[in-house]
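Each ligand, and each atom within it, is numbered from 1 in the order the structure gives.
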Amino acid sequence: MTAPTLNTTRSQELFSAAQALMPGGVSSPVRAFRSVGGQPIVFDRVKGPYAWDVDGNKYIDYIGSWGPAICGHAHPEVISALQEAIEKGTSFGAPCALENTLAEMVIDAVPSVEMVRFVNSGTEACMAVLRLMRAFTGRDKVIKFEGCYHGHADMFLVKAGSGVATLGLPDSPGVPRSTTANTLTAPYNDLEAVKQLFAENPDAISGVILEPIVGNAGFIQPEPGFLEGLRELTKEHGALLVFDEVMTGFRISYGGAQAHFGVTPDLTTMGKVIGGGLPVGAYGGRRDIMEMVAPAGPMYQAGTLSGNPLAMTAGIKTLELLRQPGSYEKLTATTEKLIAGIKEAASTAGIPITGASVSAMFGFFLCEGPVRNFEEAKATDAERFGKLHRAMLQRGVYLAPSAFEAGFTSLAHSDGDVEATLQAFRESFAEIA
Ligand code: KE4
């Protein structure tokens, strides 16, 4: 059953103009649909689980602005709180009580966080946390994992995931080798490789940073014992364990992936959900480490718009909505139904698939699996995924435009939305089989 061809004339006009104004016509590479083909659609507005493009087409959205829209886009209580806050100004550049409120909420929720600093993006949070790891330990090297993405700061653009993997970039030009010389990499889920790196670099590794559930190489879960093993190894070697929870924070559970798995890192980065759709990042952790951050300590980090009242307001209201009883049970039920249906639809069409979900995060690869690391993720049939993405878009379902991203559900996705999505998957898999 071939989907009707949507009228996307206005999107095409706007995107064509955008490409003359901005590199690739986008403000972030993955939005350009380069790896899935077809024309990006230009959004006009979003609400709940839906997005509408500038031609009036409606989509069920499983990106949710790449994570922030976990309560649904433009939640009325978030909008109302922002409308009230904006009357008092958009940015103070001075302390405000709202920072205390959001800080208390994050500290109360996230097991590792005794003190927190707000910034404006996940990239900033990861840049700062690496500087803090090095400042606290006096060591320069860091271990990251192939396929994990920690923002676009130079030192992390080594075998990175997300858009770097999506575009098949050999990391990035413009990054001096001297900058990445201290970035060591290992395959995800490979404790032996990490042990080897510590043995080869005695007393030189400041710590290990990872996505506790990978969302930037597709969706890859830690194998039993992996996180616990890293906790032990870092302790044994006087190094720090850092969970990059920019994507998993407040999505996997109200305490993040660290609460879900029961493994407590020394430091945590956050973003996305804690800004409720406005620019917020954060890093936090043990008080003895965080008190090194200026002006309490010597490690410098700063930001004009950090902690601004609008972003704090959106974050506070979003976390208030999420901490309502039953939120994560609902998110889990929605997402488990979705991924089960996707796998069934692919199998019915005879298409190899492996996939899973944890709470409001899911992903699948179009290959037999299992997928335990980035190398195995590359076995996914990216070309077939591109055909699937286009077929789903024509049927009004908006999936991440990359085989190396995760999918996100929200409290706003209804059973009806999931059923409509699964029907689109059944038709699309049949079309591309
Ligand atoms: P931002 O600088 O994009 O706010 O955060 C960087 C970042 C850090 N750590 C993790 C685990 C992340 O997932 C991200 C950003 N995620 C991507 C999606 N894969 C953002 C989407 C984009 O780059 O446009």
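For the pair Lys159 and Glu146, the salt-bridge criterion is met [side-chain N within less than 4.0 Å of a carboxylate O]. Under a 4.0 Å N-O distance rule, the pair Asp266/Arg286 qualifies as a salt bridge.
A donor-acceptor pair under 3.5 Å is formed between the side chain of His413 and the backbone N or O of Asp61.
Every residue two or more places apart in sequence or in another chain that forms a ring pair (Phe, Tyr, Trp, His ring centres under 6.0 Å) with Phe250 is listed here: Tyr254.
Near ligand 1, Ser28, Val30, Trp66, Ser121, Gly122, Thr123, Tyr149, His150, Gly151, Ser162, Glu211, Asn216, Asp244, Val246, Met247, Lys272, Glu405 each place a heavy atom less than 4.0 angstrom from the ligand.
A cation-pi arrangement is not found for Lys330 relative to Tyr328, the charged atom failing to lie both closer than 6.0 Å to the ring centre and inside a 45° cone about the ring normal.
Within a 6.0 Å sphere centred on OH of Tyr300, heavy atoms belonging to other residues, nucleotides or ligands number 12 at most.
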